[in-house]
Participant: 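Sharing a structure below in structure tokens format, with a few things to ask.
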Amino acid sequence: MKNYLTASISASAVQHNLQELRKKINPGVQLCPVVKDNCYGHGLNLLYPTLAKHADGFIVASPSEALEIRSYGYTGFILCLLSAYFDETDIQEELIRQGVTQTVMSKAALETVAAAAKRCQKTAPIHLKIDSGMGRLGVAAAQATNLFSLIEKTPHIQLTGAYTHFASSDDPDTTYMHQQLNTFLDVLPKNNPLTRHAANTSALIHHPDTHLDLVRPGLSVYGCHYAEHLRSKINLRPCMSVYAQIIAIKKMPSGSFSGYGRTHQYPRDSRVAVVPIGYGDGYFRSLSNQAVVHIHGKPAAVCGRVSMDQMTVDITDHPQINIGDPVEIISAHATAPNSVENLAKLAHTIPYEITCHMGRNLHHKLVD
Ligand SMILES: *Cc1c(COP(=O)(O)O)cnc(C)c1O
């Protein structure tokens with residue numbers, strides 16, 4: 001971890017986002033944030049208290065994330081999206097002892113969980129994952145009925161829920177999403193009070209008919225929109241800003257070059273700041289010669305290629321800027337040119353990838 005790179009994380013922004021999301025769902029629908037990949041790179045340890053207070057449960061990807069939440073003292077609902085694939089005896093048993101709900105999507109996974117539950121002399125809560133058209137994890141809808149009856153006959157297993165995941169809930173044409181929803185609902189047993197869920201962020205915000213009994217927002221919890229047109233639909237506050245400091249300033253004569261590949265030539269005598277962040281820290285190389293950072297609120301262009309651990313920005317127009325000055329790499333204002341959303345656009349990727357990468361090397365601290 002690099003202590004000189006700071007990700008400032010706002011728990012009050014997350015609280016605000018959860019409250020805004022809550023307004024979109026009916027009372028009784030459970031709001032369970034997705035906290036996989038360390039809260040999309042924001043820091044589960046920092047956000048846990050706020051999430052625990054304002055959410056009805058947690059959705060995690062890996063067993064270690066589930067156990068981390070239990071280690072904070074959380075006793076409520078935790079669903080692990082991937083766990084039953086890992087046939088590691090001690091992990092399975094620990095999840096069952098800790099009352100973590102596991103995803104089952106096949107006969108093999110069912111047998112793994114049931115065997116572990118039997119060894120612990122416990123009953124394991126599970127949710128059945130149904131592939132209604134995403135083509136990823138989940139039992140094919142056509143085989144779901146068989147798996148439901150197998151589950152019913154399996155001791156040490158308690159089926160408490162069933163879910164599916166949309167492939168394109170952000171598509172303005174909702175035909176495919178509604179096909180998926182119907183496929184999912186059609187294969188559910190009729191007289192079983194299961195917790196049914198399907199909605200990620202975009203389905204939650206756009207399509208109330210997908211809310212069912214529980215919603216699983218991820219990106220929106222951390223205040224990012226994955227598409228511009230959603231901004232008017234809900235008022236979210238990004239919860240991360242990223243800072244570095246200028247470690248060197250140099251004068252570059254007109255006609256000289258910047259960085260690998262000499263992709264930038266200074267058109268005039270220039271003043272350039274070296275900032276110690278690069279693609280190894282999650283600042284994408286595709287932002288080279290494209291993005292801006294802010295220094296004392298003023299934009300400074302990234303000039304030349306972003307290297308692994310440093311980059312250069314042009315401060316010719318800002319003579320008052322000095323070594324040691326803070327550089328705002330990512331702004332928590334959604335519309336700033338250096339917001340997560342705008343950087344994602346420049347880098348031809350999605351906000352998710354930007355925040356996840358920012359989670360690796362930076363020193364995360366809570367600011368409010
Ligand atoms: C990541 C994930 C989500 C959350 O998606 P967002 O678009 O971030 O809201 C929901 N459900 C599943 C199964 C996921 O893997």
Side-chain angles (χ1 to χ4, degrees), residues 21 24-26 28-36 55-63 65-66 69 76-85 95 99-110 112-113 124-152 157-170 174 176-221:
L21 290 166
K24 296 269 173 204
I25 57 177
N26 283 329
V29 175
Q30 296 175 58
L31 178 63
C32 294
V34 179
V35 299
K36 62 194 179 198
D56 301 311
F58 287 88
I59 314 285
V60 302
S62 71
E65 292 163 341
I69 294 171
F77 172 71
I78 303 176
L79 171 65
C80 199
L81 296 172
L82 302 179
S83 53
Y85 258 12
L95 289 173
V100 174
T101 302
Q102 299 197 64
T103 295
V104 160
M105 69 312 266
S106 64
K107 184 165 175 277
L110 177 66
T112 302
V113 181
I126 62 164
H127 281 199
L128 180 63
K129 172 90 186 266
I130 295 167
D131 180 5
S132 59
M134 170 77 174
R136 205 178 60 181
L137 202 56
V139 61
Q143 269 108 58
T145 312
N146 279 344
L147 195 50
F148 272 118
S149 41
L150 197 59
I151 289 169
E152 242 168 50
I157 292 288
Q158 189 190 11
L159 181 69
T160 54
Y163 71 100
T164 195
H165 194 44
F166 296 127
S168 52
S169 55
D170 50 344
T174 66
Y176 193 78
M177 187 199 72
H178 280 117
Q179 265 172 25
Q180 280 197 268
L181 184 63
N182 292 334
T183 303
F184 169 62
L185 294 174
D186 282 350
V187 299
L188 297 182
K190 296 295 165 258
N191 45 13
N192 199 331
L194 296 175
T195 301
R196 305 157 305 155
H197 49 113
N200 61 349
T201 289
S202 47
L204 191 172
I205 295 174
H206 274 299
H207 309 295
D209 57 336
T210 64
H211 293 178
L212 306 177
D213 305 313
L214 183 155
V215 290
R216 307 187 305 259
L219 191 68
S220 51
V221 173

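Source: prediction; values computed, not measured. Computed from heavy atoms alone, side chains included, the values below leave out hydrogens, waters and symmetry copies.
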Participant: Val221 and Val34: side-chain contact (heavy atoms from CB on, under 4.5 Å), yes or no, with the steps?
Facilitator: CA-CA 8 Å; Val221 173; Val34 179; over 6 Å; no
Participant: Check the pair Met105, Asp131 against side-chain contact (heavy atoms from CB on, under 4.5 Å), reporting the backbone distance first and the verdict last.
Facilitator: CA-CA 9 Å; Met105 69 312 266; Asp131 180 5; over 6 Å; no
Participant: Holding to ring pair (Phe, Tyr, Trp, His ring centres under 6.0 Å), I want the full list of residues that pass it with Phe148, two or more places apart in sequence or in another chain.
Facilitator: none
Participant: Can you confirm whether Ser169 sits close enough to Asn200 that some side-chain heavy atom of one is under 4.5 Å from a side-chain heavy atom of the other?
Facilitator: yes
Participant: Decide yes or no on side-chain contact (heavy atoms from CB on, under 4.5 Å) for Leu214 and Leu79, but give the supporting numbers first.
Facilitator: CA-CA 12 Å; Leu214 183 155; Leu79 171 65; over 6 Å; no
Participant: Can you tell me how far apart CZ (Phe166) and CD (Gln179) are? Round to the nearest 0.5 Å.
Facilitator: 11.5 Å
Participant: Phe58: what forms a ring pair (Phe, Tyr, Trp, His ring centres under 6.0 Å) with it, not counting sequence neighbours?
Facilitator: Tyr48, Tyr74
Participant: Quick one: does Leu181's side chain get under 4.5 Å of Leu212's, heavy atoms only?
Facilitator: yes
Participant: Please work out which of the three classes, parallel, tilted or perpendicular, describes the rings of His197 and Tyr163, given edges at 30° and 60°.
Facilitator: parallel
Participant: Do Ile205 and Pro217 come within less than 4.5 Å of each other through their side chains, counting heavy atoms only?
Facilitator: no
Participant: Could you give the distance from OG1 (Thr112) to NZ (Lys107), rounded to the nearest 0.5 Å?
Facilitator: 11.0 Å
Participant: Return the set of residues passing side chain to side chain contact (heavy atoms under 4.5 Å, CB included) with Asp170 (not counting sequence neighbours), or none when no residue passes.
Facilitator: Ser168, Ser202, Tyr226
Participant: What I'd like to find out is whether the side chain of Leu82 reaches to under 4.5 Å of the side chain of Leu137, using heavy atoms alone.
Facilitator: yes
Participant: Do you know which two heavy atoms are closest between Ala141 and Val187, and how far apart they sit?
Facilitator: O-CG1, 3.6 Å
Participant: Taking side chain to side chain donor-acceptor pair (under 3.5 Å) as the definition, give me every residue that meets it alongside Asp56, ordered by chain and number, with sequence neighbours left out.
Facilitator: Arg22
Participant: Tell me the closest heavy-atom pair linking Pro33 and Gly57, and the distance in Å.
Facilitator: CD-O, 3.2 Å
Participant: Side chain of Thr103, backbone of Cys80: donor and acceptor closer than 3.5 Å?
Facilitator: yes
Participant: For the CG atom of Leu147 and the CD atom of Glu152, what is their distance to the nearest 0.5 Å?
Facilitator: 11.0 Å
Participant: Heavy atoms only: give me the nearest Leu194-Gly161 pair and the separation to one decimal.
Facilitator: CD2-N, 3.8 Å
Participant: Apply side-chain contact (heavy atoms from CB on, under 4.5 Å) to the pair Val100 and Ile69, showing each step before the final yes or no.
Facilitator: CA-CA 10 Å; Val100 174; Ile69 294 171; over 6 Å; no
Participant: Would you say Leu188 and Ile130 make side-chain contact, with heavy atoms under 4.5 Å?
Facilitator: yes
Participant: Can you list the residues that meet the side chain to side chain donor-acceptor pair (under 3.5 Å) rule with Thr160, with sequence neighbours excluded?
Facilitator: His127
Participant: Are the side chain of Thr174 and the backbone N or O of Met177 linked by a donor-acceptor pair below 3.5 Å?
Facilitator: no
Participant: Report the residues that fulfil side chain to side chain donor-acceptor pair (under 3.5 Å) with Asp213, sequence neighbours left out, ordered by chain and then residue number.
Facilitator: Arg196
Participant: Quick one: NE2 on His211 to NZ on Lys24, what's the gap to the nearest 0.5 Å?
Facilitator: 8.5 Å
Participant: For the residue pair Glu65 and Ile78, establish whether any side-chain heavy-atom pair is separated by less than 4.5 Å.
Facilitator: no
Participant: Compare all side-chain heavy atoms of Val104 with those of Ile157 and state whether any distance is below 4.5 angstrom.
Facilitator: no
Participant: Kindly compute the distance separating CG (Leu21) from OG (Ser220), expressed to the nearest 0.5 Å.
Facilitator: 4.0 Å
Participant: Quick one: closest heavy-atom pair of Ala167 and Tyr176, and the distance?
Facilitator: CB-CE2, 4.2 Å
Participant: What is the distance from atom CZ of Phe184 to atom NE2 of His165, rounded to the nearest 0.5 Å?
Facilitator: 13.0 Å
